[in-house]
Every structure is written in C-alpha cells, then in structure tokens.
Amino acid sequence: MQQGIDSRAMFAVLVTRLPRLLILAVAGAVLGSGLNLVVMLSKAKDICYVAETEYYIEFAEGRYEMRDYYNAFTWNEYVLGSDLVLGRAMAFLDGGYDRNQVKEMLSAEMLSDVRYLTIYVRGREPARVEEVRNAVQKAMEELGAAMDEFDRIYQIDDLEIVQEEISYFGWRPAFLGAAIAVCTGVFVILFCFCMGSVFYTKGDISVRLGIPACGMTFREGRGRKRDGIIEQRQARMLAENLEMLTERYPRILLMDACGGQQAAAFLEDIRSREPAGGSCFQLYSTDVAADAAADAAAVVAVIPFGKPYREKITDEIDHVRMHGGKVVAAVLAQADRNWMRIYYAGI
C-alpha cells in the first residue's frame with residue numbers, strides 16, 4: 001500500500017460517478033426542500049405580525065469612530081435589550097407586558113451604511129405589536145438625545161403592520177441539501193478509492209496481489225457496433241498471454257472469490273472466442289486441487305472491475321496455495337469501457 005494514489009484513476013472514477021452524484025444532488029435538494037417545508041408548516045401554526053420601522057442615526061461630530069461599534073450585532077445583542085432602549089420602552093408600556101417577552105419581539109437589521117437602522121417588532125397580536133413599536137420609537141428618540149455619541153436618532157419610515165410572510169419553498173434549503181448530498185457522495189467515493197480494495201487497472205492487480213495481469217475483458221456496451229482501439233489492443237494482449245500460458249501449462253484453472261460466477265463467465269467467453277483452445281481451461285475447485293498440483297496446472301484469478309475485492313481474492317489465493325495450487329496470473333474482467341477511455345485517454 002506504499003504505491004501512492006493513482007490520480008488519473010481517481011479522476012476517472014469521479015467522472016464516471018457524475019450521473020450518480022447528479023442523482024444525489026437532486027435527492028438532497030428534494031430532502032432539503034422537504035425539511036424546510038416541514039419547518040415552515042410548523043411555524044405557520046403560530047401566525048406572527050411584523051412592524052418594520054427604519055431609523056436614521058446622526059453621529060455627533062468628532063465621534064465618528066463609534067460607527068464601528070454600533071453595527072447590527074451590537075444593536076441586536078446589547079443595545080436593544082439594554083435599559084436605554086428596552087428599559088425605557090417598558091416604562092412607556094402598561095403593566096401587562098413581560099420584559100423578556102418584549103425583548104424576544106425585537107430584532108434589528110443594518111445594511112452597509114450604519115446610519116440606517118431597521119427595527120422589527122414581531123408578535124401574534126397586531127395591537128400589542130403596535131404598542132411595542134410606539135414604545136420603542138420613543139425610547140430610540142430618547143437614546144439619540146441622551147448619548148454623547150449621537151446628535152439624534154429619528155424615524156424616517158414606518159411601514160404598516162402586516163402578517164409575516166412564510167416562504168414554504170426556497171432555493172437556499174434546496175441548494176444546501178444538494179451540496180451536502182454531493183459532498184457526502186464525493187467523500188464516500190474518494191474514501192472507498194483510497195482504501196485500495198477495488199481493482200480498476202491491471203497495475204492494481206500487480207501491485208496489490210503480486211501476480212501479473214494477463215489482460216482484461218470489457219462489459220457489453222449498449223448499441224456498440226465495433227470495439228475501439230483500447231478494446232482491440234487489450235483483446236490481443238489477453239489472447240497472446242493466454243496462449244502463452246497454455247503452452248507452458250497442461251491445464252489452466254480459473255478461480256474467483258464469488259462462488260465461481262466470474263470464472264464461469266470468463267470461461268464461457270474464452271470458449272466462445274476460441275472453441276478449440278478452450279479445452280485446457282477448467283474451473284477451479286478443491287476437488288481438482290490435488291490433481292492440479294500433480295500435473296503442474298496453473299491457476300488464474302478472475303477479478304471483477306470496480307468492486308471491493310482485494311480482501312476476498314487474497315483470502316482465496318491463500319486458500320489455493322494451501323492446497324498446492326500455483327496462482328500464476330489474473331484477469332481483470334468486465335471493465336467499464338468509458339472508464340478505460342478516460343484513464344488511457346483513448347478513442
């Protein structure tokens with residue numbers, strides 16, 4: 001596992017997984033929008049009314065440095081809840097108001113220009129919202145007159161009290177859900193790739209298993225009329241290497257780590273291409289292990305492309321060797337044509 005990361009293989013994996021990531025993005029967007037809808041529906045049960053009042057702040061001459069202090073954060077966290085604003089507002093209200101409840105009704109917003117301050121009053125009863133708004137307005141005017149850093153604070157716009165609009169569907173929850181889903185998918189893909197359990201190239205077989213790869217086969221593509229350059233070259237290499245093995249060994253046993261399915265499919269592929277030359281190939285089993293050792297038969301491992309397989313095939317190879325078998329090579333089966341074109345940059 002000291003061979004490092006094959007960045008080209010990683011790139012090919014990410015590119016071929018793009019359709020899955022797109023599906024994940026759509027699913028994440030739907031999930032994010034759904035959760036937002038649930039939250040908004042729960043909020044809709046508590047209908048709120050909003051009073052929006054905009055103030056202009058005139059800072060005293062020579063005290064312009066206080067503009068850095070009076071920002072949106074300090075208004076929300078400190079000033080609105082202080083005795084200078086909230087305390088004075090409570091003095092203008094009758095005894096039917098609780099200070100903490102009134103504090104929860106207030107919030108401030110400030111754009112880039114700190115001289116313009118917008119104060120929102122939210123509540124479930126329009127009459128109480130109006131009373132709190134008027135009390136805060138008086139408190140803000142007193143604040144402007146009492147503090148040295150201000151010349152004055154006065155109201156420049158006062159909107160009507162309206163019912164708060166609830167956005168049931170928004171692009172932000174959808175975008176956030178899609179981004180989280182895609183990032184999770186990319187992390188899982190890269191994590192699985194870096195684990196090194198999946199075989200993508202013949203080089204992976206040579207490095208991780210210590211046996212040469214004699215070739216690869218490809219999945220059947222949809223609507224394909226002919227093989228490309230990569231497929232043709234790999235087919236010739238596989239045919240030449242298998243012919244060399246048949247000349248060296250009287251029998252060649254095919255094994256895999258999935259109950260013989262991959263080996264049987266590869267054996268059928270060999271016999272369909274070379275009916276006469278396929279007679280020396282046979283599926284491996286423990287029943288023929290003793291005979292295989294006696295007549296010096298070779299064992300070839302059939303490894304599927306793109307599946308977590310290293311631990312399984314390593315265990316099976318050790319099992320074969322314990323029974324006297326000799327694993328001489330491996331075949332990478334059912335390779336993805338698009339993946340290989342990206343990896344080899346072929347046509």
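Position 1 is the first residue of the sequence, and the numbers go up from there. Please read these numbers as outputs of a predicted model, since none were measured by experiment. What's counted below: heavy atoms across the whole structure, side chains too, no hydrogens, waters or symmetry copies.
Checking side-chain atoms of Arg337 against main-chain N and O of Arg219 turns up a donor-acceptor pair under 3.5 Å. Judged by distance alone, with hydrogens and angles left aside, the side-chain atoms of Tyr309 form a donor-acceptor pair with the main-chain N or O of Ala257 at under 3.5 Å. Judged by distance alone, with hydrogens and angles left aside, the side-chain atoms of Asn241 form no donor-acceptor pair with the main-chain N or O of Leu238 at under 3.5 Å. The main-chain N or O of Ala265 is never found under 3.5 Å from a side-chain atom of Asp269 such that the two would form a donor-acceptor pair. Between the Asn36 side chain and the Gly32 main chain, no donor and acceptor come within less than 3.5 Å of each other.
Once rounded to the nearest 0.5 Å, the distance linking NZ of Lys307 with CD of Gln334 reads 8.0 Å. Once rounded to the nearest 0.5 Å, the distance linking CD of Glu54 with CE of Met110 reads 10.5 Å. Separation of atoms CG (Asp336) and CZ (Arg341) is listed at 9.5 Å; rounding is to 0.5 Å. Atom-to-atom distance recorded for Arg17:CZ and Trp339:CH2 is 10.0 Å, nearest 0.5 angstrom. Between the CZ atom in Arg152 and the CD1 atom in Ile57 there is a gap of 12.5 Å [rounded to 0.5 Å]. Remark: Leu245 CG to Glu240 CD distance equals 12.0 Å, nearest 0.5 Å.
Across every non-hydrogen atom of Ala72 and Asn76, the tightest pair is O-ND2, 2.9 Å. In terms of heavy atoms, Val328 sits closest to Ala298 at CG2-CB, 3.6 Å. Across all their heavy atoms, Leu86 and Leu80 have their closest contact at CB-O, 3.2 Å. Taking all atoms of both residues into account, the shortest heavy-atom contact from Ala25 to Ala178 is O-CB, 3.4 Å. Scanning all heavy atoms of the two residues, the minimum distance from Gln262 to Asp256 falls at N-OD2, 2.9 Å. Shown here for Ile205 and Ala330, the closest heavy-atom pair between the two residues is CG2-CB, 3.7 Å.
Atom CZ of Arg172 sits in a sparse spot, with 12 or fewer heavy atoms from other residues, nucleotides or ligands closer than 6.0 Å. No more than 12 heavy atoms of other residues, nucleotides or ligands lie within 6.0 Å of CD in Glu61, so this atom counts as exposed by the packing criterion. Taking a 6.0 Å sphere around CD of Gln163, one finds it holds more than 12 heavy atoms contributed by other residues, nucleotides or ligands. For Glu268, the CD atom sits in a loose shell: 12 or fewer heavy atoms of surrounding residues, nucleotides or ligands are nearer than 6.0 Å.
Under the 4.5 Å side-chain heavy-atom criterion for ILVMFWY residues, a single connected hydrophobic cluster contains both Ile189 and Met340. Hydrophobic clustering keeps Tyr120 apart from Val79 (ILVMFWY residues linked when any side-chain heavy atoms are closer than 4.5 Å, directly or through intermediates). Both Leu117 and Tyr69 belong to a single network of hydrophobic side chains, linked directly or stepwise wherever heavy atoms of I, L, V, M, F, W or Y lie under 4.5 Å apart. Under the 4.5 Å side-chain heavy-atom criterion for ILVMFWY residues, no single connected hydrophobic cluster contains both Met322 and Ile313. With hydrophobic clusters built from ILVMFWY side chains whose heavy atoms lie under 4.5 angstrom apart, Val302 does not share a cluster with Met237.
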Exercise for the section: With side chain to side chain contact (heavy atoms under 4.5 Å, CB included) as the test, would you mind laying out the steps for Leu332 and Asp204 before giving the verdict? Expected result: CA-CA 10 Å; Leu332 185 63; Asp204 293 339; over 6 Å; no

Practice task
Walk me through it: do Gln137 and Arg133 pass the test side chain to side chain contact (heavy atoms under 4.5 Å, CB included)?
Solution key: CA-CA 6 Å; Gln137 178 183 344; Arg133 179 193 62 183; 5.6 Å; no

Handout entry: side chain to side chain contact (heavy atoms under 4.5 Å, CB included) between Val299 and Arg321, intermediate numbers included
Key = CA-CA 10 Å; Val299 179; Arg321 288 170 176 169; over 6 Å; no

Handout entry: Worked verdict on Cys194 versus Met10 for side chain to side chain contact (heavy atoms under 4.5 Å, CB included)
Key = CA-CA 9 Å; Cys194 294; Met10 181 183 293; 4.3 Å; yes

Exercise for the section: Begin with the C-alpha distance, continue with both residues' side-chain angles, and end with the deciding distance and a verdict on ring pair (Phe, Tyr, Trp, His ring centres under 6.0 Å) for Phe266 and Phe281. Expected result: CA-CA 10 Å; Phe266 181 65; Phe281 289 89; 7.3 Å; no

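Legend: residues meeting side-chain hydrogen bond (donor to acceptor under 3.5 Å, both in side chains) with Glu316, ordered by chain and number and at least two apart, are absent.
Sequence neighbours left out, the pairs with a member in residues 133-156 that pass ring pair (Phe, Tyr, Trp, His ring centres under 6.0 Å) are Tyr56-Tyr154, Phe59-Phe150, Tyr70-Phe150.
Remark: Asp83 engages Arg99 in a salt bridge, criterion side-chain N to carboxylate O under 4.0 Å.
At least one side-chain heavy atom of Ile211 sits less than 4.5 Å from a side-chain heavy atom of Ile317. Put simply, the side chain of Arg251 reaches to within 4.5 Å of the side chain of Gln282, judged on heavy atoms. Between Leu21 and Val186, the closest side-chain pair of non-hydrogen atoms falls below 4.5 Å. A 4.5 Å side-chain heavy-atom check between Met140 and Gln155 finds every atom pair outside the cut-off. Residues Thr118 and Asp157 have side chains not in contact (no heavy-atom distance under 4.5 Å, counting atoms from C-beta outward). Taking 4.5 Å as the limit, every side-chain heavy atom of Arg122 sits out of range of all side-chain heavy atoms of Val129. Using a 4.5 Å heavy-atom threshold, the side chains of Tyr55 and Leu143 count as separate. Contact annotation: the side chain of Val136 approaches that of Val132 to within less than 4.5 Å [non-hydrogen atoms, C-beta and beyond].
A cation-pi arrangement, defined by a distance under 6.0 Å to the six-membered ring centre and an angle within 45 degrees of its axis, is present between Arg88 and Phe92. Because its NZ or CZ atom is both nearer than 6.0 Å to the ring centre of Tyr97 and within 45° of the ring axis, Arg128 counts as a cation-pi partner of that residue.
Taking the six-membered ring for Trp and the full ring otherwise, Phe218 and Phe305 have centroids separated by 6.0 Å or more.
Leu176 belongs to a hydrophobic cluster with Ile180, counting contacts under 4.5 Å between side-chain heavy atoms of Ile, Leu, Val, Met, Phe, Trp and Tyr, direct or through other members.
Side-chain contact annotation: Glu311 with Ser197, donor-acceptor N/O pair under 3.5 Å present. Judged purely by distance below 3.5 Å, without hydrogens or angles, the side chains of Asp6 and Tyr343 pair a donor atom with an acceptor atom. A donor-acceptor contact closer than 3.5 angstrom links the side chains of Asn71 and Thr74. A donor atom on one side chain and an acceptor atom on the other are found under 3.5 Å apart for Asp158 and Thr53.
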